[in-house]
Number of protein chains: 2
Amino acid sequence: MNTQEALDLLKQKGYKYTEKREHMIHFFVHENRYRTAKDLLENMEADYDGISFDTIYRNLHLFDQLGILESTELNGEKHFRLKCDHHHHHHFICKNCGVTKEIHHCPMEQINEELKQFMIEDHKFEVYGFCPSCR
Amino acid sequence: MNTQEALDLLKQKGYKYTEKREHMIHFFVHENRYRTAKDLLENMEADYDGISFDTIYRNLHLFDQLGILESTELNGEKHFRLKCDHHHHHHFICKNCGVTKEIHHCPMEQINEELKQFMIEDHKFEVYGFCPSCR
DNA sequence: TTTACAAAACGTAATCATTACGATACAATA
DNA sequence: TATTGTATCGTAATGATTACGTTTTGTAAA
C-alpha cells in the first residue's frame with residue numbers, strides 16, 4: 001500500500017479527500033512500523049494545531065476497516081501500521097520501536113484438521129522482542 | 001494448575017491466604033476459559049458485597065505474574081484464564097464465550113533461522129472463531 | 001492467646017485511552 | 001457558486017484500569 005493507492009481507495013469508496021487524511025496516510029507510509037494513536041496525534045499537532053481526537057480515531061478505524069492500515073495490541077495500547085499488501089504473512093515486532101520483520105511461515109496450514117468442529121474466523125501469530133538497533 | 005497448587009504457590013512466595021484470593025482462584029478453576037475482570041467482579045460481588053476494584057485488579061495481576069493465570073487481549077479487553085500447566089501449547093479461543101481448545105503445534109520451531117539477528121522474547125499464536133456451541 | 005506488624009482490602013478518586021456529539025467548516029458535484 | 005452530505009472541531013462522556021489514604025485482617029512472635 002502506498003499513498004496514492006490509499007487515496008484512490010478512499011475516493012472509490014466515496015470518502016472525501018482531506019489534507020489531514022493524506023497527512024495521516026503519509027505518516028504511516030513514512031514510518032512503516034507500528035505506531036499508536038498518540039504517536040500520530042503528536043505528529044499531526046505539529047502541522048495542525050488543535051486537531052481533534054475525533055479526526056484521529058475516526059480515521060484510524062476507517063483506514064483499518066478499509067485495509068489501508070492493520071492493527072494489533074501491544075502493551076495494552078492499540079498500534080497501527082501501513083497494511084502490507086503482498087501475500088499473507090506474519091510479523092516479528094520490536095517491543096521498543098514497533099519496527100517489524102516479515103515472517104514467511106503461517107502455522108494455519110498445519111492445524112486445520114485439529115480444529116475441524118470449530119468455526120475459524122481469524123488468527124494471530126506474532127513474535128515479540130528487540131530489533132538489532134534496540135537490543 | 002489447581003486450587004491447591006495455586007494456594008501453595010502464594011504461600012511459598014510469602015503472600016497471605018485470604019478467602020477472597022481462594023474464591024478468585026476457584027472462579028477460574030471452575031470456569032476454565034478466558035474471562036474479564038468484570039466477569040470476575042460480578043461473580044465476587046454475589047458473595048462479597050462492596051468488594052473493591054483494587055482487590056480484583058491487584059490480585060489478577062499478581063496471579064498473572066506468578067503464573068497462576070495467563071492473559072490475552074480479546075476485543076480490546078484483557079481476559080484471564082487459569083494457566084495450563086502441561087507442555088507449551090497455543091489456543092483456539094471462542095470469540096463469544098472465551099472457551100479454549102489447545103493447539104499442539106508451535107510455529108516457533110520453524111522460524112528461528114529467519115530471525116537470527118533479532119532478540120526474541122515472546123510469541124503469540126492464537127486462533128479465533130466460534131466453538132461448536134456458539135457457532 | 002494476645003500483641004504487633006506487614007500485607008490486604010475498602011472506598012473512592014484519578015488516570016488514560018477511546019468514543020460520542022452538537023455545532024461549524026469544507027469537499028464534491030450539479 | 002449553491003447545495004448537500006461528510007469531515008472536523010471542541011469538548012464532554014465513557015469505560016477499563018490504576019492509585020491511595022484509611023481500615024481491616026492474616027501471620028507469627030511474645
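Because only heavy atoms are used, hydrogens play no part in the values below, and waters and symmetry mates are left out as well, while side chains stay in. Chain A is the first sequence line, chain B the second, and so forth, proteins listed ahead of strands; every chain is numbered from 1.
Side-chain contact, A:Asp8 with A:Gln12: no donor N or O sits under 3.5 Å from an acceptor N or O. A side-chain donor-acceptor contact under 3.5 Å links A:Glu102 and A:His104. Side chains of B:Glu126 and B:Thr72: a donor on one and an acceptor on the other come within 3.5 Å.
Between B:Glu73 atom CD and C:dT18 atom P there is a gap of 10 Å when expressed in whole angstrom units. Remark: C1' of D:dA16 and CZ of B:Phe80 are 11 Å apart, rounded to the nearest angstrom. Rounding to whole angstrom units, CD of residue B:Glu45 and C1' of C:dA9 are separated by 14 Å. Nucleotide D:dT25 holds its C1' atom 14 Å from the CD1 atom of B:Ile51, rounded to whole Å. One atom, OH of A:Tyr48, and another, C1' of D:dA7, lie 13 Å apart when rounded to the nearest Å. Protein atom CE of A:Met44 is 11 Å distant from nucleotide atom C1' of D:dT8, rounded to whole Å. When rounded to the nearest whole Å, the span between NZ of B:Lys20 and P of D:dT23 equals 17 Å. For the pair B:Leu7 CG and D:dT27 C1', the computed distance is 16 Å after rounding to whole Å.
Checked against A:His90 for a side-chain hydrogen bond (donor to acceptor under 3.5 Å, both in side chains), the options A:His105, A:His123, A:Lys101 give a single hit: A:His123.
For residues 21-30 of chain B, proximity to DNA chain D is found at no residue, defined as any non-hydrogen atom under 4.0 angstrom from a strand atom. Listed by residue number, B:Arg58, B:Asn59 are the residues of residues 57-64 of chain B with a heavy-atom contact under 4.0 Å to DNA chain C.
Between A:Lys38 and C:dT18, a side-chain N or O to OP1/OP2 separation shorter than 4.0 Å is absent. Proximity of A:Thr18 to the phosphate of D:dT8: a side-chain N or O atom is located under 4.0 Å from OP1 or OP2.
Residue-level contact check: A:Tyr15 touches the backbone only, with heavy atoms under 4.0 Å from sugar-phosphate atoms and none from bases. Residue B:Gly50 is classed as a sugar-phosphate contact, given heavy-atom separations below 4.0 Å to backbone atoms only.
Heavy-atom distances to DNA chain C give each of B:Phe53 and B:Glu19 a nearest nucleotide, and the one nearer the 5′ end belongs to B:Glu19. With DNA chain D read from its 5' end, the first of the two nearest nucleotides for A:Asp49 and A:Lys16 is the one closest to A:Lys16. Positionally, the nearest nucleotide of DNA chain D for B:Ala37 lies more toward the 5' end than for the other of B:Ala37 and B:Tyr17.
Note that A:Lys11 lies outside the cation-pi zone of A:Tyr17, set by a 6.0 Å cut-off to the ring centre and a 45° limit from the axis. Geometric assessment of A:Lys124 against the ring of B:Phe125 yields a negative cation-pi assignment under the 6.0 Å and 45° thresholds.
Looking only at side-chain heavy atoms (C-beta outward), A:Asn59 and A:Arg21 come within less than 4.5 Å of each other.
Contact check on B:Glu73 versus B:Lys78 returns no salt bridge, with no Lys/Arg side-chain nitrogen under 4.0 Å from an Asp/Glu carboxylate oxygen.
Between B:His30 and B:His26, the two ring planes are parallel [angle under 30°; tilted spans 30° to 60°].
The neighbour count for B:Glu19 CD, taken as heavy atoms of other residues, nucleotides or ligands under 6.0 Å away, does not exceed 12. Within a 6.0 Å sphere centred on CG of B:Asp49, other residues, nucleotides and ligands contribute 12 heavy atoms or fewer.
Aromatic ring centres of A:Tyr48 and A:His23 lie closer together than 6.0 Å.
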Produce the list of close N/O pairs, under 3.5 Å, pairing protein atoms with atoms of nucleotides 20-22 of chain D; give distances to one decimal.
residue	atom	partner	partner atom	Å
D:dC20	N4	B:Asp54	OD1	2.8

